[in-house]
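Single-structure report; data block below.
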Amino acid sequence: MPLVSKELRELLSEKTILIGVVLMPLVIFPLIGFSMAPVNMREGDAGPGAAVLVVDQDGGKYAALFVEALRKTGFNPQPIQLQNDNLLQLIENSGASAAVIIPQGFSTQLEQKNKPTVKLFLKLASSSIVEFERIGSMRDRFYAAVSLMGEALASEEGVAVSFYKAPIDLSGEVVYRDQIISETDAGQLFQQFFASTLLIPIALTLVVTTSGTIAATSIGLEKEAKTLEMLLTYPIGRSTILASKLLGSTVVALLGTASLMTGIVFYFSRLTAFAGMSITLSLSPLNLVLLMVVLFFALVTTLGLGVLAGVLAGDVRGSQQLAGLIQLPLILLPLLLFLSGGIQSLQQPLATIILIIPFTHLMLAIQAILESSYLNILLHVGVMVAWTVVIIGLAAFMFRGERLLTMRVKLGRRKPVV
Amino acid sequence: MYAVVAEGLWRFFSDNPVLRGVSLAVEEGGVYGLIGPNGAGKTTMFRILATLLRPSRGTAKVFGKDVVREASDVRRMIAYLPEEAGVYKNLTGRGFLKMVSRVYGLGSSALEQGVTISGLGEDVDRRMGEYSKGMRRRILLAGCLMVKPRLAILDEPTAGLDVEHSVYVRKIISQYAEQGTTFIVSSHNMLEVDYLCDRIALIHRGSIIAEGKPRELTASHNVQNLEELFVKKMGEAP
Ligand SMILES: Nc1ncnc2c1ncn2[C@@H]1O[C@H](COP(=O)(O)OP(=O)(O)OP(=O)(O)O)[C@@H](O)[C@H]1O
Ligand SMILES: [Mg+2]
């Protein structure tokens, strides 16, 4: 395929593609990460003065020292007594975002150079990215308090150096919706949240906007550089030309996906300080394959849409605009469905329109895969395949004959016909 | 054997008849010139021969193959240099020629041939985006001729080129014509047409209004040169 390498070279040298598809995702997520951190601090929850309920079952001098360390780290410790009532309710009812239990014998253990264990409860207000980040940073702060405590202990002699760093073990648990869940469970909660709330829209938006635009660009480039006419007289079938454009665009789209995923992973690695939280998805190999199949068809469909835009437009800008114009409603409507929480909650005409859109089925299929409901997967993949066949058929039809040269739709400014 | 036979060729763009019953026969070998004012329909004619556009009515054959029904056979025999054709800016000249040779399934000897035809020397390894108009035209022409087409369709091959590049392009065309390639070219430069073409057709508003050898045409119309012939025929035309 001599044409594919040409496609790649031209596409990757195109500024709009290079910046928009390859570089942008690498920069944007770390940027979001950095800009979000100060915002969290200002929210007050995790910032200076965040209220922490302290249940002191020890009452010794080292317990007081730890409370002091908490204060120095910027927390606002609020001593409470724990009767037989529920700590959970206390946390929920107070404005506090965390609680610690200093166990009996805390001071004695420290005197004997043993590590006491402090129980830590972190309140997760909602399963949102901001919250996960907030409790992650809060946890970091508790560790800071522990090492501050270590420094205080270090002024007393006869203690091993390694002991200073972490004189106390923190056993963390997360409070979420009136329940205590272990950190491992919280990690799973995070994974679920990550998969359903982030992965789907991101994968969808990504696949749709980038690959379609890339395919449109690759045709727009030929038109703009006036290389198309010559290309079309070479002794190769139109289907070969179309295929090499699709293949070239796919490679670039995958490059963009990789770059975006790198950006996301980089961003989320900030959160993995929170134990048990990893963004590896726990998918079975079968589901992984199914996910790839689904994404593949979505990819080919958007490539086909991009080709249509490219055929109709006159140059790079026109084809990118047109591709965007075609894709925008196709992605926004399913997203609406996704955010509104189900097809049942929508009005009849809108629901029908949304069900026709291929990308609705992309999302439904991904959801079905996460839920392992195979009949639904089959259904939605079937619809997507049908769409793919239709769109690629249409693209191939547009590539035949003289349509590539003579068809034009104009957006805005009128341009002379070639 | 005729390289090109067109019979009663019409082409409409919406309601606008751009070609009106063009009939043309181009014998194999030599250079055939298609001349006429702007908008006469030369490019449209060439695009039909190059299988890019369909005729609305009539037929066109290249070496006996119909340009519509046997388009892929035609494509294997022709090379087309479009008017104002551009280059892939991020390929080098050599990279472009390599792509062409691979598309045609040819080996490295064709590639070397192409490099020689272009006459660009070391510049052949520069990005084509950096090429001047003349250099672009030369590399594209090399791409056309290195594949040894039976028919080369060149739409205004020297338009906008300086003297040096024009002379070079004409020299290459003559050289390949002598080796047996048939050329059909268009041009607004009557000196060039006189120098290059063995036969010409004068096209005006989509119809051929004169056809023959340049010498015979000027003699029969009592004019000194092709430029005068052109002016005279335009004056006569409706
Ligand atoms: N794709 C198209 N759509 C509509 N009209 C077209 C199209 N292509 C060409 N035409 C019209 O056909 C007529 C002939 O154009 P053509 O390009 O064949 O002329 P030409 O002889 O090559 O002129 P020039 O010497 O300027 O290159 C022009 O009036 C032009 O506007
Ligand atoms: Mg022309």
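Chain A is the first sequence line, chain B the second, and so forth, proteins listed ahead of strands; every chain is numbered from 1.
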Inset, instruction - Provide the closest heavy-atom pair for B:L91 versus A:R9 in the form atom of the first, atom of the second, distance. - result: CD2-CD, 3.3 Å
Inset, instruction - Counting only heavy atoms closer than 4.5 Å, note whether A:E224 contacts chain B via side chain, backbone, both or neither. - result: neither
Inset, instruction - Look up atom CZ in B:R102 and atom OG in A:S5, then write down how far apart they are to the nearest 0.5 Å. - result: 6.0 Å
Without placing hydrogens or testing angles, list every side-chain donor-acceptor pair under 3.5 Å for residues 303-310 of chain A, not counting sequence neighbours.
none

Legend entry - Flag side-chain contact, heavy atom, 4.5 Å: B:Y88 against A:K6: yes
Legend entry - Interatomic distance, A:I236 atom CD1 to B:R75 atom CZ [nearest 0.5 angstrom]: 9.0 Å
Inset, instruction - Determine whether more than 12 heavy atoms belonging to other residues, nucleotides or ligands lie under 6.0 Å from atom CZ of B:F63. - result: yes
Mind listing the side-chain donor-acceptor pairs of residues 18-32 of chain B below 3.5 Å, one per line with the distance, residues two or more places apart or on another chain?
{"from": "B:R20", "atom 1": "NE", "to": "B:R205", "atom 2": "O", "distance (Å)": "3.0"}
{"from": "B:S23", "atom 1": "OG", "to": "B:G8", "atom 2": "N", "distance (Å)": "3.0"}
{"from": "B:Y32", "atom 1": "OH", "to": "B:E211", "atom 2": "OE2", "distance (Å)": "2.5"}

Legend entry - Among the listed options A:A225, A:P235, A:G401, the residue most often paired with chain B at heavy-atom distances under 4.5 Å: A:P235
Inset, instruction - Against chain A, label B:V87 side chain, backbone, both or neither, depending on which of its atoms sit under 4.5 Å from a heavy atom there. - result: backbone
Legend entry - Distance, nearest 0.5 Å, that separates CZ of B:F13 from OG1 of A:T406: 7.5 Å
Inset, instruction - Please flag which part of A:R403 lies under 4.5 Å from any non-hydrogen atom of chain B: side chain, backbone, both or neither. - result: neither
Inset, instruction - Determine the minimum heavy-atom distance between B:M99 and A:L3, stating which atoms define it. - result: SD-CD2, 4.0 Å
Inset, instruction - Evaluate whether atom CZ of B:F12 has more than 12 neighbouring non-hydrogen atoms of other residues, nucleotides or ligands under 6.0 angstrom away. - result: yes
Inset, instruction - Determine whether A:E402 and B:L52 make a side-chain contact, defined as any pair of heavy atoms from C-beta on separated by less than 4.5 Å. - result: no
Legend entry - Which residues share a ring pair (Phe, Tyr, Trp, His ring centres under 6.0 Å) with A:Y234, sequence neighbours left out: B:Y104
Legend entry - Contact origin within B:K89 toward chain A - heavy atom pairs under 4.5 Å: both
Inset, instruction - Please round to the nearest 0.5 Å and tell me the distance separating atom CG of B:L81 and atom CD of A:E229. - result: 10.0 Å
Legend entry - Exam field: side chain B:E84 to backbone A:K226, donor-acceptor pair closer than 3.5 Å: no
Inset, instruction - Counting only heavy atoms closer than 4.5 Å, note whether B:V100 contacts chain A via side chain, backbone, both or neither. - result: side chain
Legend entry - Interface residues of residues 116-149 of chain B facing chain A - heavy atom cut-off under 4.5 Å: B:L140, B:C144
